[in-house]
Trainee: 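Questions regarding the structure given below will be posed in turn.
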Amino acid sequence: MGNTLAEDIIHLLEHFIDDDLRGEIKQQYNSDRLPPSYSQIGMETTDMMDENSRNELIMGPIVGSFDAAMKNPDFKNVMDNFLETFKSYNQ
């Protein structure tokens, strides 16, 4: 399920990530990378949970991140612009 969730989250956010941010994300990933753990491989199937549970699992980190960012005045304007862009893609 991990790869499927990652692909869904990427699909939701890819319109908002420019090349500079993509480069920063890759750089951070490379510096944080841990050796792979295959103990959860059984969870990487879409048959493991229903669609509502899967959507909640996807949206939880996204919503939590937006809530935290909106409380930070330095990021509020950026998030407001991000929200307007997001709304325009979903009309």
Trainee: Taking only residues two or more places apart in sequence or in another chain, which ones pass side chain to side chain contact (heavy atoms under 4.5 Å, CB included) with Asn72?
Mentor: Asp74, Phe75

Trainee: Please name all residues satisfying side chain to side chain contact (heavy atoms under 4.5 Å, CB included) with Gln28, sequence neighbours left out, ordered by chain then number.
Mentor: Ser31, Asp32

Trainee: Just wondering, more than 12 heavy atoms not from Asp19 lying within 6.0 Å of its CG?
Mentor: no

Trainee: Can you list the residues that meet the side chain to side chain donor-acceptor pair (under 3.5 Å) rule with Asn52, with sequence neighbours excluded?
Mentor: none

Trainee: Mind checking the CZ-CG spacing from Arg22 to Asp20? Nearest 0.5 Å is all I need.
Mentor: 11.0 Å

Trainee: I'd like to check the side chain to side chain donor-acceptor pair (under 3.5 Å) partners of Asn30; sequence neighbours left out, ordered by chain and number.
Mentor: Arg33

Trainee: Could you tell me which residues satisfy side chain to side chain contact (heavy atoms under 4.5 Å, CB included) with Leu21, sequence neighbours excluded, listed by chain and number?
Mentor: Ile17, Asp18, Glu24, Ile25

